[in-house]
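A quick write-up on the structure given underneath.
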Amino acid sequence: MPAKKLGRSTVKFASPPIIVGTGTVVGPVEGKGPLASDFDVVLPDHAYGERTPEKSETKILEQAAKIAIERAKIEKSMVDYYMAGDLLNQIISAGYSARQLSIPYFGLYGACSTCAMSLALAGMVIDGGFADYVLVACSSHYQTAERQYRYPIELNIQRKTTSQYTVTGAGAAVLASSGTGPKLTHATVGKVVDLGLKDVHDMGGAMAPAAADTLLTHFADTGRGPKDYDLILTGDLASFGSEMLKELVRDNGVELGANYRDCGLMLFDTKSQHVGAGGSGCACSAVVTFGHVLKEMDKGTYKNVLLVATGALMSPLSCQQGESIPCVAHAVVIEA
Amino acid sequence: MRWTGRDVELGEERSTVASEKAKKQVSNLPHMTQASQEEKRRQLAYKELVQKRKPRPRYLRNVLVAFVVGGAIAILGQVVLEFFKSRGLDLNAASAPTLAVMILVGVVATGLGIYDELGEFAGAGAAVPITGFANTIVAAAMDFKREGWVLGMGAKMFIIAGPVIVYATLAGVAVAAIKFIASP
């Protein structure tokens, strides 16, 4: 077995990479939510001065990346790799932002799991000795996601009880081989799980089994349990998905208590803001983790956090062809 | 806690219920291996659980709101119709300008970004009247205009309304054919 690997699919970093700088940008709705004060930039509107929402998404991704580099107090030229992803076809937001940043680039697609996926890969690259600085970033945008996955933006349509609201925003972080800040200690890479659900208006329910699989694998690999973490965070299961996750892990003998929360529920006031079951999208886990959670770790509220970001890997095409929704979840451990 | 690292298990009692169903389905597929039978059973068990737990829509509220809002739009249409009739048009002649006015109302409300909010609030109450039909076309047109007038808006403005037009036309032809055959 490889020296840095634990169990089936967890890696333990020998010299844990350090998160030395972060940048977060959120949209107008997120800016009215309970975590608003934790973000670096809040947009006045979805367009952000651009002609198309796609351009606007690229702009916020680039902006988050630049803020993260600035906070890390390094030069752009010192960053070895830029790892980014988003939800759009051919991950254009990531690609176009990389065009402006001119840093050697890996494009990633993990749907809404991209945040944890990029952290895991960046950790491996740094701990493997292939880089000193890696910039990870991901973005999503309500309007671009709505256009690609659902309906035209102005269409009259009533949300289902399990429908989620795609977060407008971007989160970026610079990971370094040395420095001060929270450390990335473990990563558990998820496998694709598909329990045959086909309802595209119920992503939380579809993704919950993948989250349960990764969570249970992580606990089995590391020998830890839910009590070993101050905070267990899922990316965007929203209200219904997190309920299903709790149920699934309970069936396997693990009880998730008060230290379990979901980014999609933390980002909004789901009662007063019209966001359906909660937030979703790549940016959901990214802005909550890089904006809110790391700030709280800095204050000492949390010592160690387990982030499980889930992603649904379908496309509108595969769903129209009657395919079920394959899902994946990746987990990373961040310690203060 | 002992996690075997295989697959997420679904609770005992649920598994047995679902496995009865799965057995029936699986018996029609003798070529299936034991592993895929087990996979099928897990899928059915989960589907059952999700169906049981999924929050139900507020049917009563939705039906009432749809009735009131849809009714209000219909009353507005009636007012416009009466206006044209009062200016000397008969019922047949007045319905065409009435539809045009109602479509205009739907188009303007969509352009101002109001109609999608109404749809979220009222569901079918906003979707069924002709204002809702106008909304589907304008919403698509607004969206795809960014990809150009020809390959964007021109090609895709009927992406939601298109199927309605196609199948309404087909249904019209079918009904006309029945009438043609049935009438002496």
- chain B contact via A:Thr162 - which portion, at a heavy-atom distance below 4.5 Å: side chain
- With only heavy atoms counted, which part of A:Ile153 is less than 4.5 Å from chain B, the side chain, the backbone, both or neither? both
- Is the count of non-hydrogen atoms from other residues, nucleotides or ligands lying under 6.0 Å from A:Lys12 atom NZ greater than 12? no
- Task: Please state whether the side chain, the backbone, both or neither of A:Glu146 comes within less than 4.5 Å of a heavy atom of chain B.
- Result: neither
- Carefully, step by step, assess B:Gln43 and A:Leu197 under the rule side-chain contact (heavy atoms from CB on, under 4.5 Å). CA-CA 8 Å; B:Gln43 287 190 357; A:Leu197 294 198; over 6 Å; no
- Message: Using only non-hydrogen atoms and a strict under-4.5 angstrom cutoff, which residues of residues 128-138 of chain B touch chain A?
- Response: B:Gly132, B:Asn135, B:Thr136
- Message: Heavy-atom pairs under 4.5 Å with chain B: which of A:Pro53, A:Ala277, A:Gly204 has the most?
- Response: A:Pro53
- Task: Starting at CZ of B:Arg53, measure out to CZ of A:Phe240 and round the result to the nearest 0.5 Å.
- Result: 8.5 Å
- Note on the structure: Output for pair (B:Thr110 OG1, A:Glu154 CD), nearest 0.5 Å, gives 7.5 Å
- Find out whether B:Val50 and A:Met244 are in side-chain contact, i.e. whether some heavy atom of one side chain is under 4.5 Å from a heavy atom of the other. yes
- Task: Please state whether the side chain, the backbone, both or neither of B:Glu117 comes within less than 4.5 Å of a heavy atom of chain A.
- Result: neither
- Message: Is it the case that over 12 heavy atoms from other parts of the model lie below 6.0 angstrom from the CZ atom of B:Arg87?
- Response: no
- Under a 4.5 Å heavy-atom criterion, the part of residues 140-167 of chain B in contact with chain A comprises B:Ala140, B:Met142, B:Asp143, B:Phe144, B:Arg146, B:Glu147, B:Ile160
- Counting only heavy atoms not in B:Lys54, do more than 12 sit closer than 6.0 Å to its NZ atom? yes
- For B:Arg56, is it the side chain, the backbone, both, or neither that has a heavy atom closer than 4.5 Å to a heavy atom of chain A? backbone
- Task: Determine the option with the most heavy-atom pairs under 4.5 angstrom with chain A, choosing from B:Gly113, B:Pro55, B:Pro57.
- Result: B:Pro55
- Message: Within the structure provided, determine whether A:Leu195 and B:Lys47 are in side-chain contact (heavy-atom separation under 4.5 Å).
- Response: no
- Item | More than 12 heavy atoms of other groups within 6.0 Å of A:Lys4 NZ | yes
- With a 4.5 Å limit on heavy-atom distance, are the side chains of A:Gln158 and B:Phe121 in contact? no
- Message: Evaluate B:Tyr115 against A:Leu155 for side-chain contact (heavy atoms from CB on, under 4.5 Å), listing each step before the verdict.
- Response: CA-CA 8 Å; B:Tyr115 211 86; A:Leu155 190 72; over 6 Å; no
- Message: Would you say OH of A:Tyr96 has more than 12 non-hydrogen atoms from neighbouring residues, nucleotides or ligands within 6.0 angstrom?
- Response: no
- Pair A:Asn156-B:Glu120, side-chain contact (heavy atoms from CB on, under 4.5 Å): steps then yes or no: CA-CA 6 Å; A:Asn156 76 89; B:Glu120 172 67 49; over 6 Å; no
- Task: Please state whether the side chain, the backbone, both or neither of A:Arg250 comes within less than 4.5 Å of a heavy atom of chain B.
- Result: neither
